Amino acid sequence: MLETFILMIDRDLYKDEFYDLQKSISTKTLDRIKKFHFRADAQRTLLGDILIRYILCKRKCKNNEELIFSYNPYGKPQLANSPDIHFNISHSGKYVVASVDTMPVGVDVEIIKPIDLKVADSFFSKLEKEYILNSEYGERLSKFYRIWTMKESYIKREGKGLSIPLDSFCVISLEGDNETVFYEGFQNEEAVCTICSSQNSEPKKIVLNLDSLINNFEKTVYF
Ligand SMILES: CC(C)(COP(=O)(O)OP(=O)(O)OC[C@H]1O[C@@H](n2cnc3c(N)ncnc32)[C@H](O)[C@@H]1OP(=O)(O)O)[C@@H](O)C(=O)NCCC(=O)NCCS
């Protein structure tokens, strides 16, 4: 079953929460978190890790200490010795999103910022560009981000990072080929989120705020 958890970071972590949560993650991720220059980046990566631990503990009925992650050559994390479970994380601005499924999955969330739409000329296919240009002028930016997050979610499902050039595939042609289905995670005035699934199953979406994540995490991972 495809589930997508959407965490809204509706406040900063308190200092003690920030340090306490770090005790529940791997030293590898902790080392990365310590190297971030900005606290907001460290917080997003920490919360992504906590969110996926909460989801996997719940789904696999495991204790946090039992979760062991491995990484493919391009850095995509997976649960070691669990080929039946796939997940992906994305974070941007005040959003952290995690999708989990029985088949490979990718997710991407992007904050909508003004951008020169000519970027599409370099990275998007003819059909993708037409999709943007055929929409109302005021909707073009959000359509651009819709395509952008579709492409990123596809790359993230494949797990090969940017070694797959963005202009080497067309998400509009891929859509509906029975092996690639795109779902909207959410879309609002400030952000767009897209999920790339390997099967036709409408995702269940669960929205959390920071307090509910921390409460649920404590209840779930140390039962
Ligand atoms: C993975 C990647 C697409 C992420 O894009 P992004 O928009 O910057 O970041 P997002 O917030 O959407 O996703 C980040 C999360 O994706 C996951 N991730 C990392 N590598 C991944 C990969 N290869 N495929 C899928 N997911 C990956 C991690 O959980 C990561 O979370 P973390 O940074 O908190 O650990 C991009 O960083 C990338 O391409 N990395 C791989 C580098 C690479 O392949 N280099 C070329 C080698 S030939």
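Both ligands and their constituent atoms are indexed starting at 1 by order of listing. All figures in this text were calculated on a predicted structure; none of them were measured in a lab.
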Practice task
Would you check ligand 1 and list the protein residues that come within less than 4.0 Å of it by any heavy atom, ordered by chain and number?
Solution key: Arg32, Thr45, Tyr74, Gly75, Lys76, Pro77, Asn88, Ile89, Ser90, His91, Asp108, Glu110, Glu152, Lys156, Gly159, Lys160, Gly161, Leu162, Ser163
Exercise for the section: State plainly whether the residues Lys35 and Asp31 are in salt-bridge range, i.e. N to O under 4.0 Å. Expected result: no
Handout entry: NZ/NE/NH1/NH2 to OD/OE distance under 4.0 Å, Glu152 and Lys156
Key = no
Practice task
Identify whether the distance between the nearest side-chain nitrogen and carboxylate oxygen of Arg11 and Asp211 falls below 4.0 Å.
Solution key: yes
Problem - Check ion pair Arg59-Glu3 (N to O, under 4.0 angstrom) - result: yes
Practice task
Assess the pair Tyr131 and Phe124: is the distance between their ring centroids shorter than 6.0 Å?
Solution key: no
Exercise for the section: Answer yes or no: is there an ion pair linking Arg146 with Glu184, defined by an N-O contact shorter than 4.0 Å? Expected result: no
